[in-house]
Number of protein chains: 2
Amino acid sequence: MGKKITIYDLAKKLNVSPATVSRSLNDHPSISKKTKEKIIDAAKSLGYRTNKFAANLSQQKSNTIGVIVPRLNSNFMSTVLAGIEKVANDVGYNLIISQSLESAEKEVLNAKTLYDSGVDALMISLAYGTENFDHLTTFIDRKIPLLFFDRVFDLPNCPTILIDNEAAGYEATEHLINQGCTNILHIAGGLKRNVYCQRFKGYKRALEKYGITFKEDNLVEVDLDLSRVPEVITHIKESDPKIDGLFVANDTFAVHCIKELKKEGYNIPQDIKVMGFNNDPVSEVISPNLSTMDYPGYKMGVLAGQSIIGHLNGAINLQSANQITLRHTLIIRESTQK
Amino acid sequence: MGKKITIYDLAKKLNVSPATVSRSLNDHPSISKKTKEKIIDAAKSLGYRTNKFAANLSQQKSNTIGVIVPRLNSNFMSTVLAGIEKVANDVGYNLIISQSLESAEKEVLNAKTLYDSGVDALMISLAYGTENFDHLTTFIDRKIPLLFFDRVFDLPNCPTILIDNEAAGYEATEHLINQGCTNILHIAGGLKRNVYCQRFKGYKRALEKYGITFKEDNLVEVDLDLSRVPEVITHIKESDPKIDGLFVANDTFAVHCIKELKKEGYNIPQDIKVMGFNNDPVSEVISPNLSTMDYPGYKMGVLAGQSIIGHLNGAINLQSANQITLRHTLIIRESTQK
DNA sequence: CTGAAAGCGCTAACAA
DNA sequence: TTGTTAGCGCTTTCAG
């Protein structure tokens with residue numbers, strides 16, 4: 001069933017030119033309603049499908065947006081992606097998604113591939129280790145819109161979309177302090193990335209504000225892989241004076257810290273109060289429920305998608321919407337109760 | 001910075017024909033090592049990047065694989081996708097990912113778009129409601145490899161990759177019975193889909209095997225959206241005789257049932273033993289830890305990817321590997337302990 | 001081993 | 001309103 005049928009076939013069959021067919025199919029205004037209908041009907045009944053390769057080649061655009069994320073299988077990222085996919089799909093854009101797996105090298109490769117694939121725009125959330133941005137400036141040089149979300153970097157004319165991680169870090173820490181914590185350990189992800197670096201800054205600012213001196217020992221920078229939980233636990237057990245508050249840069253890691261701490265005989269929140277970050281579903285499942293910072297992933301995806309698509313359509317003025325900051329919300333649950 | 005440079009530019013610069021350039025770049029055997037090197041060097045230094053649109057048009061293939069999943073933001077699916085992405089990326093294939101959001105209509109649209117995008121192959125996990133498969137037979141008709149994973153359907157010559165849901169359902173139920181349950185409620189997803197239908201069949205077979213008669217009342221078919229938890233709880237509270245075992249078709253839903261049941265004063269596992277399905281991370285976080293069925297998502301993705309890519313390369317004989325069944329593993333935790 | 005030239009299917013500038 | 005035609009950049013057959 002089904003040879004591939006082209007606009008030439010249609011043209012021949014209907015005794016019109018290929019151009020007329022093309023124009024009709026693209027709803028070009030200068031074609032009479034009559035012929036347009038005739039052609040569209042014929043196209044439908046013959047099962048015509050436009051060949052995107054040819055259209056892309058001719059137009060030099062692909063209706064495709066590239067996305068690079070650190071990993072697909074995290075609740076936050078897949079939620080963001082769901083948002084992006086939703087808006088992209090609604091307006092007829094395809095998404096090519098690839099993951100850097102937190103490797104700067106793979107990120108470079110991914111970017112190259114997407115560039116070669118002719119994506120009309122690129123959205124990226126950076127890997128832990130990325131320090132060089134040549135793989136991204138390529139896009140800028142070629143005027144391909146580039147947008148950062150969540151794990152961002154300031155590159156000229158590139159919109160970013162994120163939350164105010166510094167403020168959120170501050171609020172989280174302040175909350176712990178208000179609950180009576182005086183010796184708060186902060187578990188951060190890679191400090192090269194804004195999200196972790198800013199949360200840490202917020203943490204420090206809160207300490208200062210409340211007259212608590214920051215100790216280097218109270219900062220642990222890990223890659224937040226769960227295999228690193230034990231060393232954190234050890235760190236806590238060996239801390240002197242005792243740690244009485246824990247501010248972890250993501251919920252998954254926080255939850256597993258709680259599990260281990262409980263095994264070690266700690267009472268949460270009596271002995272140690274714990275704050276997470278992300279409002280991941282697990283935060284509501286752990287007992288005690290984890291206090292956390294709500295982080296609107298889906299919305300972030302939707303806005304990122306709208307922003308880039310708006311830009312592609314020339315609708316949004318890039319300058320004017322160069323940074324979107326989403327609202328975060330402190331969510332107080334059992335794990336930090338006095 | 002950077003005009004787009006083509007093989008013609010290279011050809012001119014080096015006084016060879018475009019054909020020679022093309023062949024060199026593709027490492028065609030019939031080109032002398034010398035000229036090949038010369039050309040490749042020049043290409044590199046001039047920053048040549050092949051235009052995929054043109055290559056695709058000329059070759060009628062895209063090096064792109066389409067994927068349709070019910071939703072991106074589920075732990076299981078994003079894990080599968082991570083596996084697919086890994087292998088696809090390793091061999092230079094791009095992934096275009098779209099989500100049906102459990103809607104048969106959107107699935108049809110997605111399939112059309114992917115078809116039009118010229119994907120070389122399609123991998124799909126079906127939406128709840130899909131009953132008609134015309135949108136997929138299109139692919140088969142055009143000899144575009146089609147592979148089902150997890151939520152599969154038997155279409156001629158389409159490989160499927162899944163676990164033995166019937167056996168897994170049986171084992172889960174048998175375990176509950178062995179733990180003393182005699183009145184087990186089964187919460188199933190849409191029974192149109194093999195995964196839920198087969199688990200249910202396994203459940204029934206286990207009951208029969210142990211001489212327990214199945215009651216229609218003990219089957220609840222829901223879409224497993226968490227908003228449906230309350231009605232399940234109500235169902236449990238109103239059941240007579242009392243429900244003493246709960247077999248839920250996925251962990252997320254199971255976990256939230258446990259949370260609610262605890263609120264209602266039930267002791268888990270004393271009053272009701274609960275089995276989940278998936279081995280989702282939350283299953284280890286809930287207290288009591290949830291017994292579940294391990295379900296190798298990442299591996300499923302990897303194998304699915306390898307299978308389809310092997311097929312695209314003509315390496316794997318499709319007939320011979322028409323169905324891959326992965327091993328599942330019963331994981332016994334606290335929620336079902338006697 | 002290399003070149004000439006004909007597509008691949010669609011778009012768009014220019015003509016009519 | 002419609003047609004002609006020249007690309008878009010790469011691949012590939014056929015000649016040399």
Side-chain angles (χ1 to χ4, degrees), chain A residues 2-40 42-43 46-64 92 115-120 142 144, chain B residues 2-40 42-43 46-64 92 113 115-120 142-144:
Chain A
K3 284 284 75 211
K4 232 153 213 168
I5 129 160
T6 74
I7 54 170
Y8 290 99
D9 301 327
L10 286 178
K12 206 164 293 169
K13 200 140 297 190
L14 299 173
N15 281 315
V16 293
S17 77
T20 304
V21 175
S22 171
R23 288 196 266 253
S24 300
L25 262 16
N26 292 313
D27 202 28
H28 187 105
S30 78
I31 299 284
S32 78
K33 206 162 174 168
K34 243 185 170 166
T35 50
K36 210 178 273 185
E37 275 173 4
K38 183 177 70 177
I39 289 171
I40 290 180
L46 293 177
Y48 168 83
R49 327 234 45 190
T50 163
N51 179 324
K52 288 214 180 161
F53 301 151
N56 290 345
L57 175 58
S58 159
Q59 299 179 131
Q60 298 298 346
K61 74 174 297 251
S62 64
N63 268 284
T64 282
Y115 178 86
D116 286 342
S117 301
V119 295
D120 294 339
R142 295 285 165 86
I144 299 171
Chain B
K3 285 282 78 214
K4 231 152 214 171
I5 128 160
T6 74
I7 54 170
Y8 289 99
D9 302 326
L10 286 178
K12 207 163 292 170
K13 201 138 301 194
L14 299 173
N15 282 314
V16 293
S17 75
T20 304
V21 176
S22 170
R23 286 195 268 250
S24 298
L25 264 16
N26 292 312
D27 202 30
H28 188 104
S30 78
I31 299 286
S32 78
K33 206 163 175 169
K34 245 186 168 162
T35 49
K36 208 178 277 184
E37 274 172 6
K38 184 177 67 179
I39 289 171
I40 290 180
L46 294 178
Y48 168 83
R49 326 231 46 191
T50 165
N51 179 322
K52 289 215 181 161
F53 302 152
N56 291 345
L57 175 58
S58 154
Q59 296 178 133
Q60 300 296 349
K61 76 175 296 252
S62 64
N63 268 285
T64 282
T113 311
Y115 179 86
D116 285 342
S117 301
V119 295
D120 295 340
R142 294 286 164 86
K143 309 274 190 237
I144 298 171

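Chain letters run A, B, ... following the sequence lines, proteins first and then strands; every chain starts at 1.
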B:Ser62 side chain vs B:Gly118 backbone, donor-acceptor pair below 3.5 Å: yes

Short side-chain to backbone donor-acceptor contact, B:Asn26 and B:His28, under 3.5 Å: no

Sugar-phosphate, base or nothing in reach of B:Asp9, heavy atoms under 4.0 Å: nothing

Sugar-phosphate, base or nothing in reach of B:Val16, heavy atoms under 4.0 Å: sugar-phosphate

Shortest non-hydrogen contact from B:Ser24 toward B:Thr35: OG-O, 4.4 Å

For B:Ile144 against B:Tyr115, the heavy-atom pair lying closest together: CD1-CE1, 3.8 Å

Touch class at under 4.0 angstrom, heavy-atom based, for A:Ser32 against every strand present: sugar-phosphate

Heavy-atom closest pair, residues A:Lys36 and A:Asp27: NZ-OD1, 3.2 Å

Summary of protein contacts for nucleotides 8-16 of chain D, nucleotide by nucleotide, where a base hit scores B, a sugar-phosphate-only hit scores S (4.0 Å, heavy atoms): BBBBBB---

Crowding at NZ, A:Lys61 (>12 non-hydrogen neighbours, <6.0 Å): yes

Nucleotide interval of DNA chain C bounded by contacts with chain B (heavy-atom cut-off, under 4.0 Å): C:dC1 to C:dG9

Residues B:Lys52, A:Asp116: salt bridge by 4.0 Å N-O rule: no

Any donor-acceptor pair under 3.5 Å from A:Thr6 side chain to A:Tyr8 backbone: yes

